[in-house]
Amino acid sequence: MRVLGIETSCDETAAAVVDENGMRSNAVFDQIDLHALYGGVVPELASRAHIQSISPVIRAALRDAETTADQLDAIAVTTGPGLVGALLVGVSAAKGMALSLGIPLLPIHHMEGHLVSPLLTPGSQITFPFVALLVSGGHTLLVHARAFGDYVILGQTRDDAVGEAFDKGARLLGLGYPGGPAISKLALGGNRAAIPFPRVLLDRTRFDFSFSGLKTSLRTYCHRNQEAMQCTHHRRDVAASYQEALVETLAIKAMAACQKVGADTLVVAGGVGANRRLREILEERGAKLGIFPYFPPLSLCTDNGAMIALAGRMHLERGATGDLSVNATPRWPLVPIET
Ligand code: KG4
Ligand code: ZN
């Protein structure tokens, strides 16, 4: 079954084709340059850029996959969560194609896409159940994925998402957007023990995160040490220490969550999953506990259409028939909240 996946929930216009042999193409147009000027994603600019890029990106995905539209069996699209104007562009394009081709339209939760993204790694041995650490610009989730579609949220952030903490931290350090890659670049060669930034909520029986206090400590530190912050050497230490506080908190919680549910596989996905230090610390700590972290290749950590196409295929295999009446759902919990 050949599925086209479309993703426009934030600042990447992405489309990809996935079939039973894996990823046939993965076209992404990122809008980084557009938003960099403003230090963060400007929703209206994102929607306009999606409108301009969506058709060329879909064409590129089909061309790279050596596939014509009428060879597609279904279309999967991110319907939420995300920016409503941005989501609408992908949803409208997907609806139009599915309707004209007479094939199913599958609505996909963005975080479920991230959750399955490591399965796209060629030769992946990952099987359910596992624990997923989903770390993006808008979400920080620890999920016990018992089977595809059967998720238990073990923990989530109470305030800022970890990607947001990277982005806001980068702004305080005068670095560009997106903040994660900028901080990790500055942190290279810095002393990660130089400044003891706080690690909060480290009670190993609960798995919620809170990063806003850490951001405030960085702000206070920069304010109190303005002179020292002029020195690149010192800024490196600050970036390395800040990054360490973020990734160590993630590692402590993720390892404890795996131990709690008895999982030996930790799947890490989402934009922050591209962070090298996060990978290193999870590998170091996992090795001691018999927990194996899996990361998708860097190109699949950040937003892409392949993860959406794969989630679509998995839903189809489980009998989903699609729904042409889907709409953008900017707020959509991964697991329904019980009332
Ligand atoms: O998953 P993603 O591409 O988009 C959302 O769904 O939000 O994640 C984007 C986030 C941004 O906050 C960005 O700063 C962060 O991922 N990020 C990183 C790295 N690369 C991207 N954070 C830390 N280290 C990185 N290397
Ligand atoms: Zn994402």
Side-chain angles (χ1 to χ4, degrees), residues 5-14 16 26 28-32 35-36 39-41 43 46 50 77-83 86-87 90 108-118 132-141 143 156-157 160-173 175-188 190 192 211 214-215 239-240 242-251 267-282 295-308 310-311 330-332 334:
I6 298 177
E7 154 64 43
T8 62
S9 66
C10 189
D11 60 345
E12 269 100 6
T13 318
N26 192 18
V28 181
F29 175 78
D30 79 54
Q31 308 174 359
I32 288 175
H35 302 290
V41 177
H50 284 309
V77 63
T78 306
T79 46
L83 302 170
L87 288 165
I108 305 297
H109 192 290
H110 181 76
M111 299 313 286
E112 183 169 62
H114 277 304
L115 189 142
V116 298
S117 62
L133 173 65
L134 304 179
V135 278
S136 71
H139 294 87
T140 306
L141 283 175
V143 181
Q156 54 194 316
T157 186
D160 293 348
V162 65
E164 204 176 344
F166 268 105
D167 294 335
K168 289 180 176 169
R171 222 174 299 162
L172 291 169
L173 292 169
L175 303 171
Y177 175 84
I183 289 193
S184 63
K185 193 166 162 217
L186 182 63
L188 282 176
R192 18 185 215 257
F211 295 115
L214 174 59
K215 177 192 64 195
Y242 183 72
Q243 171 174 262
E244 194 66 9
L246 289 169
V247 303
E248 193 181 16
T249 306
L250 294 177
V267 158
V268 185
V272 182
N275 186 275
R276 285 182 201 285
R277 180 60 193 145
L278 175 64
R279 292 177 171 224
E280 203 174 78
I281 195 169
L282 288 175
F295 307 90
L298 295 185
S299 62
L300 293 174
C301 277
T302 43
D303 292 348
N304 61 85
M307 65 186 195
I308 304 303
L310 176 64
R331 287 177 181 274
W332 179 12
L334 179 62

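In each ligand, atom 1 is the first atom listed, and ligand 1 is the first ligand listed.
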Glu280 with Arg276: basic N within carboxylate O range, under 4.0 Å: no
Polar side-chain atom of Ser9 near backbone of Leu87 as donor-acceptor pair, under 3.5 Å: no
Atoms in ligand 1 with a heavy atom of Gly179 nearer than 4.0 Å: 14 (O)
Trp332 CH2 to His109 NE2 distance, which is reported to the nearest 0.5 Å: 6.0 Å
Side-chain donor or acceptor of His50 paired with backbone N/O of Gly90 under 3.5 Å: no
Gly137: numbered ligand 1 atoms lying under 4.0 Å from its heavy atoms: 5 (C), 7 (O), 8 (O), 9 (C), 10 (C), 12 (O)
Gly179 backbone acceptor or donor facing Asp167 side chain under 3.5 Å: yes
The Zn ion (ligand 2) to His114: nearest N/O/S atom name: NE2
Part of His110 with heavy atoms under 4.0 Å of ligand 1, whether side chain, backbone, both or neither: side chain
Inter-residue atom distance Ile308.CD1 - Thr78.OG1, 0.5 Å rounding: 3.0 Å
Protein contact to atom 4 (O) of ligand 1 [nearest heavy atom, distance to 0.1 Å]: Asp303 OD2, 3.2 Å
Proximal atoms of ligand 1 relative to Gly138 (non-hydrogen, under 4.0 Å): 7 (O)
Under 4.0 Å to a heavy atom of Thr302 - the qualifying atoms of ligand 1, by number: 3 (O)
The Zn ion (ligand 2) to Asp303: nearest N/O/S atom name: OD1
2.8 Å cut-off met by an N, O or S atom of Cys10 to the Zn ion (ligand 2): no
contact_flag Arg277 ligand 1 heavy-atom lt 4.0 Å: no
Atom 24 (N) of ligand 1: the protein heavy-atom neighbour that sits closest, reported with distance to 0.1 Å: Asn275 ND2, 3.0 Å
Protein contact to atom 21 (C) of ligand 1 [nearest heavy atom, distance to 0.1 Å]: Gly271 O, 3.4 Å
For Gly163, the ligand 1 atoms whose distance to one of its heavy atoms is below 4.0 Å: 12 (O)
Exercise: identify the closest heavy-atom pair between Val41 and Tyr177: CG2-OH, 3.1 Å
Gly273 backbone acceptor or donor facing Arg279 side chain under 3.5 Å: yes
Polar contact flag, side-chain donor to acceptor under 3.5 angstrom, His110-Glu7: yes
Donor-acceptor contact below 3.5 Å, side chain His139 vs main chain Gly163: no
Atom 22 (N) of ligand 1 [closest protein heavy-atom partner, distance rounded to 0.1 Å]: Gly180 CA, 3.2 Å
Backbone or side-chain N/O/S of His139 under 2.8 Å of the Zn ion (ligand 2): no
Close-contact set for ligand 1 against Asp167 heavy atoms, below 4.0 Å: 11 (C), 12 (O), 13 (C), 14 (O)
Structural part of His139 in contact with ligand 1, heavy atom criterion under 4.0 angstrom: neither
Flag, side chain of Tyr242 to backbone of Leu214, donor-acceptor distance under 3.5 Å: no
Ligand 1-proximal atoms of Val272, by part, heavy-atom distance under 4.0 Å: both
